[in-house]
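Keep in mind that this is a model prediction, so the values were computed, not measured.
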Amino acid sequence: MHPVTPAVKGWKVLVAVLAVIVWNSADDVRELAEWLGARAWLFLAGGVVLVGLIGFGYSAVAWRMTRFAVTDDAVHLRSGVLFRQQRQARLDRLQAVDVVQPLLARILGLSELRLEVAGGAGSAVSLAFLREAEAEQLRAELLARAAGLHRPAGVPPLAVPAGVDLEPVGADGADGAGGADGAPGTGRPGPAAVGGVAPGAPGTPTAGPGAHDAGAPGWVGPAPVAPERPVYEVPVGRLLGSTLLSSATFWLLGILVAVVALIATSGRFESAFALLPALLGVVSYSWTRFNRGANFRAAISPDGIRLRHGLTEARAQTVPPGRVQAVQVTQGLLWRRADWWRVEVNVAGYGAGTEQTHTENVLLPVGTRDDALLALWLVLPDLGTPDPRALVDAGLTGREADGTWAVAPRRSRWLDPVGWRRHGVTVTDRALVLRSGVLVRRLVVVPHERTQSLGLAQGPLQRRLGLASFQLHSTPGPVSPRVDHLDARVAAGLLDEQSTRARTARAGAGPEQWMRRA
């Protein structure tokens, strides 16, 4: 790692220790200051310096004990001072590669490389901190190896010749013509419009000596950096407007009214501090949502989906092809007039924590209906239906059966008198599509090959009415595929048919290493 890493990490130890001391020993510190008199500030400064030296010293030792290695099959990380730990991230199970730049690291020109693999909580491997150019080059290296490419024997992974530009290839020079598989009804380029590395350019994949087999080409020089084509971006004004039109704003106004009422009735300003945690929580939620959604841009490349966003903490994500398990399009009541939508995904390895839901799992923080269709197209270019636009529109706002949707029967209104008309499910050649919600409209799309398991749930009232809820279990994340109150026989038939579709789709799915030849 970069030698400045201890300084970037050490300040966190100092702040944490001081916060614990102040929180738990404020009265003792005040009594000690009164007893020491004028010397109190000298002792306090000395204590802060001592804690800082210990924190930075420990970080320096931890930095010296941290090493990582890259092979054709995995990334190995060794770390730990008192307790040694060795971790391994298999490249054929790589779910996403993120380049993260906290504010201090960005000022120093450093980046953190996070490798998300399919696993439980804490399965990610973090390489922090590297020079920004090194992190970008290493990301290209890992994505190339995860795709099935291999470096010839004897070539070091970061052998960058002088004068070679490490910046990713952008859309400059690309024509505006769309590919053969463009997003329907959007005029945007399809995957066929995103070319590979130019022949003869540094880092061009080369088959031949040094390749592991005939289906795994290699390369010389810097790892090939796949070009990308921008697809959409989120204007700052729209992001700010969507944040103000969220439920958090109404919670904030409600808390402020409660604070004023509490002060007016009690006559004491101190009584308002009882609502301070709730107020800070709402403000923090709104700021986090805006901060992490700022400068949001999405692009398509042979490496997969590329997302860039963040104001104080810049993040560049790369989700390889086929790693998205499920996608969800939602619209709150306050967004109805502007026809704004939010798109979230489940990716194995990202998990379902609150922080992750605001960052890694977001494919589109807020956008128009066309933007939402583009985001869905990024995940599933072929929806498996002749008219994908009509299918998506019916899923977003539809209420009735139109011959393709299986909907909740009329008797389900006893259990859900408001939203029963929105409960529906349909199946295409490529995916299972579910819709629900009246106040918060929701459309969920799950590719057949990403079905983890299936289930039926039936409560006592549902049994009485001959109804059942259909569940499709996905990896942890914000998307929970489910449709309630279907006819019990329809739900049972759907379960049997979907299990067959999922088995057939998995048998015909492409290789995990998406650039490896058959």
| field | Audit row: Asp370, Arg389, salt bridge (Lys or Arg N to Asp or Glu O under 4.0 Å) steps and yes/no | value | CA-CA 9 Å; Asp370 286 340; Arg389 179 84 187 210; 2.6 Å; yes

| request: Let me see the working for Asp487 and Arg411 under salt bridge (Lys or Arg N to Asp or Glu O under 4.0 Å), right down to the final yes or no. | output: CA-CA 9 Å; Asp487 184 274; Arg411 60 183 180 275; 2.5 Å; yes

| Can Glu449 and Arg503 be said to form a salt bridge (Lys or Arg N to Asp or Glu O under 4.0 Å), step by step? | CA-CA 7 Å; Glu449 64 273 14; Arg503 183 168 57 251; over 6 Å; no

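The aromatic rings of Phe296 and His309 lie parallel to each other, with less than 30° between the two planes, well short of the 60° mark.
Comment: Arg422 does not engage Asp416 in a salt bridge, judged by the lack of any side-chain N to carboxylate O separation of less than 4.0 angstrom. A salt bridge does not link Asp371 to Arg342: none of the charged nitrogens lies less than 4.0 Å from a carboxylate oxygen. Ionic pairing of Arg336 and Asp339 is not present here: no N-O contact between side-chain nitrogen and carboxylate oxygen is shorter than 4.0 angstrom. Salt-bridge check for Arg139 with Asp303: failed, with every basic side-chain N at 4.0 Å or more from each acidic carboxylate O. Look at Arg315 and Glu360 and you find a salt bridge, because one of the NZ, NE, NH1 or NH2 atoms lies within 4.0 Å of a carboxylate O, short of that distance. A salt bridge does not link Arg114 with Glu116: none of the charged nitrogens is closer than 4.0 Å to a carboxylate oxygen.
The main-chain N or O of Gly384 is found under 3.5 Å from a side-chain atom of Asp382 such that the two form a donor-acceptor pair. No donor-acceptor pair under 3.5 Å is formed between the side chain of Ser111 and the backbone N or O of Ala135. One N or O on the side chain of Arg87 and one on the backbone of Ala124 form a donor-acceptor pair closer than 3.5 Å. Remark: the backbone N or O of Thr451 is paired with a side-chain donor or acceptor of Arg506 at under 3.5 angstrom.
Between Tyr350 and Gln325, the side chains place no donor N or O within less than 3.5 Å of an acceptor N or O (distance only, hydrogens not considered). For the residue pair Ser301 / Arg306, a side-chain donor-acceptor distance below 3.5 Å is found, with atom types taken as modelled. A donor-acceptor contact closer than 3.5 angstrom links the side chains of Ser126 and Glu112.
For the residue pair Arg435 and Arg421, the shortest heavy atom distance occurs at NH2-O, 3.9 Å. Here the shortest heavy-atom pairing between Pro365 and Leu239 reads CB-CD1, 4.3 Å. Taking each heavy atom of Pro447 and Leu380 in turn, the nearest pair found is CG-CD1, 4.1 Å.
A distance of 11.5 Å separates CG in Leu495 from CG in Leu486, rounded to the nearest 0.5 Å. Atom CG of Leu376 is separated from atom CH2 of Trp341 by 12.5 Å, given to the nearest 0.5 angstrom. To the nearest 0.5 angstrom, Phe129 atom CZ is 9.5 Å from Gln101 atom CD. To the nearest 0.5 Å, the span separating CG on Leu110 from CG on Leu130 amounts to 8.5 Å. Between the OH atom in Tyr285 and the CZ atom in Phe290 there is a gap of 14.5 Å [rounded to 0.5 Å]. Note: Thr243 OG1 to Arg289 CZ = 6.5 Å, rounded to the nearest 0.5 Å.
Legend: residues meeting salt bridge (Lys or Arg N to Asp or Glu O under 4.0 Å) with Arg441, ordered by chain and number and at least two apart, are absent. Listed by chain and number, the residues in a salt bridge (Lys or Arg N to Asp or Glu O under 4.0 Å) with Arg93 amount to none (sequence neighbours excluded). For Thr71, there are no side chain to side chain donor-acceptor pair (under 3.5 Å) partners at least two apart in sequence or on another chain. With sequence neighbours excluded, no residue satisfies salt bridge (Lys or Arg N to Asp or Glu O under 4.0 Å) with Arg337. With sequence neighbours excluded, no residue forms a salt bridge (Lys or Arg N to Asp or Glu O under 4.0 Å) with Glu233.
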Scan the side chains in residues 464-474 for donor-acceptor partners under 3.5 Å anywhere in the protein, sequence neighbours excluded, and list what turns up.
unit_1: Ser469; atom_1: OG; unit_2: Gln462; atom_2: NE2; d: 3.0
unit_1: Ser469; atom_1: OG; unit_2: Asp484; atom_2: OD1; d: 2.9
unit_1: His473; atom_1: ND1; unit_2: Ser453; atom_2: OG; d: 2.6
unit_1: Ser474; atom_1: OG; unit_2: Asn346; atom_2: ND2; d: 3.2

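Considering Leu434, Val329, Val479, Thr330 in turn, Thr330 is the only one that fulfils the side chain to side chain contact (heavy atoms under 4.5 Å, CB included) rule with Arg442.
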